[in-house]
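Here's the structure we're looking at; comments come further down.
The sequence lines fix the lettering, A, B, ..., with proteins before strands; numbering per chain opens at 1. Keep in mind that what you see is a predicted model, and the values were worked out from it rather than measured.
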Protein chains: 2
Amino acid sequence: MVGIKDIAKMAGVSVSTVSNVINGRKNVGKETRERILQICEEVGYQPNLIGKSLKSGKTNTIVFNFSDFERNFYLKIIKGINDYLSENGFDLIVCTTSSSKNFMRNNFARGAIVLDKKMDNEFLVSVADEQFPIVVMDRIVNNDYIQSVIVENYTVMSELVQTLINKGFRNFGYIGGIESSLDHQERFQAFTDTLKNNNIPFQRTHYYFGDFTEESGYRAANIITLSNNLPEILVCSNDNMAIGAMKALKESNYSVPGDISVTGFDDATAAETYELTTVAIPRYESGYLAAKELVEMIQGTRNKDIFKISAKIKWRNTVK
Amino acid sequence: MVGIKDIAKMAGVSVSTVSNVINGRKNVGKETRERILQICEEVGYQPNLIGKSLKSGKTNTIVFNFSDFERNFYLKIIKGINDYLSENGFDLIVCTTSSSKNFMRNNFARGAIVLDKKMDNEFLVSVADEQFPIVVMDRIVNNDYIQSVIVENYTVMSELVQTLINKGFRNFGYIGGIESSLDHQERFQAFTDTLKNNNIPFQRTHYYFGDFTEESGYRAANIITLSNNLPEILVCSNDNMAIGAMKALKESNYSVPGDISVTGFDDATAAETYELTTVAIPRYESGYLAAKELVEMIQGTRNKDIFKISAKIKWRNTVK
DNA sequence: TTGTACGCGTTATCAT
DNA sequence: ATGATAACGCGTACAA
């Protein structure tokens, strides 16, 4: 509401002088400078970003886009992004898909971090630009001005399965996630590859379909209990399904890990409660690093490689 | 990136004509209109909000402000806000405190919903305006252009305590939250009032300090177990503390609800896992209604009363 | 230290 | 039916 003009009027000087003071230029008398700063303080003046960008053509605003409100860890990602950006003098605005499209067009943002799958590649490619670089999370887009930050699923899943094999497990079951998801694909690929490398057969009948929801894990485990062919260990593509599976197993009076071991992936909040052995993905750090990548693109120090976030196994009490 | 000018060039017409087509005015030939619409479609034209607001002085952008990334239910609130606003043609941008102050000054937003306590009343009063109304959640600010949406803690806590009394409980303990918080104050007031109304004494020694964190509940319950003066029931100002308390009780080999009953408040995600009896606050609905209040203020149909969200008791298995 | 032209995308007004 | 152009608001930059 209160702008540079108002300040000028109050101080009895011209707008130019106020502008000079605000931008720390030295061509202003000490006394005038102090009076102006005093007034800015009093009325809580803050420069109008639009006005600023109007002239310079540049802003310091970054858009973060998401739309899945069910995933609590998104807040951690946002916090990571927020922290890095505010440490580096950028403003963050968080948008859900429909409004993101508006704000990514307007030249009032300097770049974007995109998490929402609904924001299609075609659109991203159409707006990505030297003047408007984009970081996408959990997907890969081939474009000079789009950088990917993805979780390194493969390595950690391989490590998990290898360790399980070393512990003596041979008879594996797997509950998969949405098949089109990159996360699922990588996790399952690592699972089968590691078994193969160890010459351990994986029976396709021990693969159960899921969609990352707790219910799908529950249903899958119910099917397992009916099959009279219980695997020794049930590896799940995420925690929700692992927890659903454990509920079903418990209801059928199987003990975990007594009768069957279970592992998850994500380290969701509930995983700790259920003492589930899982893989912890550093969400905060992903956000932080995504923001860092974006700022580096903005500053021209571009890194062409896909940025991979490494995850860690959390051994708890659902594996024998 | 692509604006009205570009469209005009592509269609071989003037910007005026394009503007007329976009705004559905009838002074354009059918053929020209169709050609222009076609091009807009092809290149994915979307009107530039800044340019628009520059001319009209109005926008349809609403700012939502928060800063506590630990509270998962904030996502539900955001979803509620997002849904109402998008149903009603407004754009939502979510900001954390520092950038919110920028965007609430710039006249590019039409109003704001504020959740963050760090956004002080003084600032809110200074920006609230007929042209920029504000809805605050979980606090009360006395200003014509600021509307409050708060959770009705008192009624539901009274109901909870009264029901516990009816069940036969007489010896109550209480773990409080941050004392300056309105939520805590109302919950504790309802607690003591209801006991008083039933002529049940509450020993001040059965009040334990907490700060809404799980650790504080854990510590409080450890003190309780050392006191040799166990209450029959422990009412907690929120779920986190109730869960912390239950962990401590379990570690000291007390059974819940066998030896002592426990209640929480919030219906956090973990509450279900722990089968904790608690109070469910409709978070999604709070956000939705806050957005609704704001839009009504913008449209001039102002409702002077404080908007109260009512909550519901969820009976689970931590009360005998 | 001041005056003022300029930049942005869109819309309204007035001409053609 | 279509076009040319001023105006909107805020901050910056450059000449005075």
Please enumerate all protein N or O atoms sitting under 3.5 Å from an N or O of nucleotides 14-16 of chain C, with distances to 0.1 Å.
none

Problem set entry | B/Ser14 side-chain N/O to D/dT2 phosphate OP1/OP2 under 4.0 Å | no
Exercise. Between A/Gln46 (CD) and D/dG11 (P), how many Å, whole number?
Worked result: 11 Å
Problem set entry | Between D/dG11 (P) and B/Leu54 (CG): distance, integer Å | 13 Å
Problem set entry | For atom CD1 of B/Ile7 and atom P of D/dT2, their distance in whole Å | 17 Å
Seminar exercise, completed: To the nearest angstrom, the NZ-P distance between B/Lys5 and D/dA4 comes to 13 Å
Problem set entry | Close side-chain approach of B/Ile39 to B/Val18, heavy-atom, < 4.5 Å | no
Exercise. Hey, is CG on B/Asn27 packed in by over 12 heavy atoms from elsewhere, all under 6.0 Å?
Worked result: yes
Taking only nitrogen or oxygen atoms into account, show me every contact under 3.5 Å that the protein makes with nucleotides 12-16 of chain D, one pair per line with its distance.
| unit_1 | atom_1 | unit_2 | atom_2 | d |
| --- | --- | --- | --- | --- |
| D/dT12 | OP2 | A/Ser19 | OG | 3.0 |
| D/dT12 | OP2 | A/Asn23 | ND2 | 3.2 |
| D/dA13 | OP2 | A/Arg25 | NH1 | 3.4 |
| D/dA13 | N6 | A/Ser16 | OG | 3.2 |

For this session: Taking the side chain as every heavy atom from C-beta outward, state whether B/Thr59 and B/Lys52 have any pair of such atoms under 4.5 Å apart.
Result: no
Problem set entry | Residue pair A/Met119 / A/Met104, side-chain heavy-atom distance below 4.5 Å | yes
For this session: Using only heavy-atom distances, determine whether the side chains of B/Asp6 and B/Tyr45 contain a donor-acceptor pair under 3.5 Å.
Result: no
For this session: Report which part of the nucleic acid B/Asn27 touches: base, sugar-phosphate, or nothing (heavy-atom distance under 4.0 Å, all strands).
Result: base
Problem set entry | Beyond-backbone contact of A/Val295 with A/Leu85, side-chain heavy atoms, under 4.5 angstrom | yes
For this session: Check DNA chain C against residues 29-41 of chain A and give the residues with a non-hydrogen atom under 4.0 Å, in numerical order.
Result: A/Gly29, A/Thr32
Exercise. Side chains of A/Asn65 and A/Thr97: does their closest heavy-atom pair fall under 4.5 Å?
Worked result: yes
Exercise. Has A/Glu42 got more than 12 heavy atoms of other residues, nucleotides or ligands less than 6.0 Å from its CD?
Worked result: yes
For this session: For A/Lys292, look at atom NZ and say whether over 12 heavy atoms of other residues, nucleotides or ligands are found less than 6.0 Å away.
Result: no
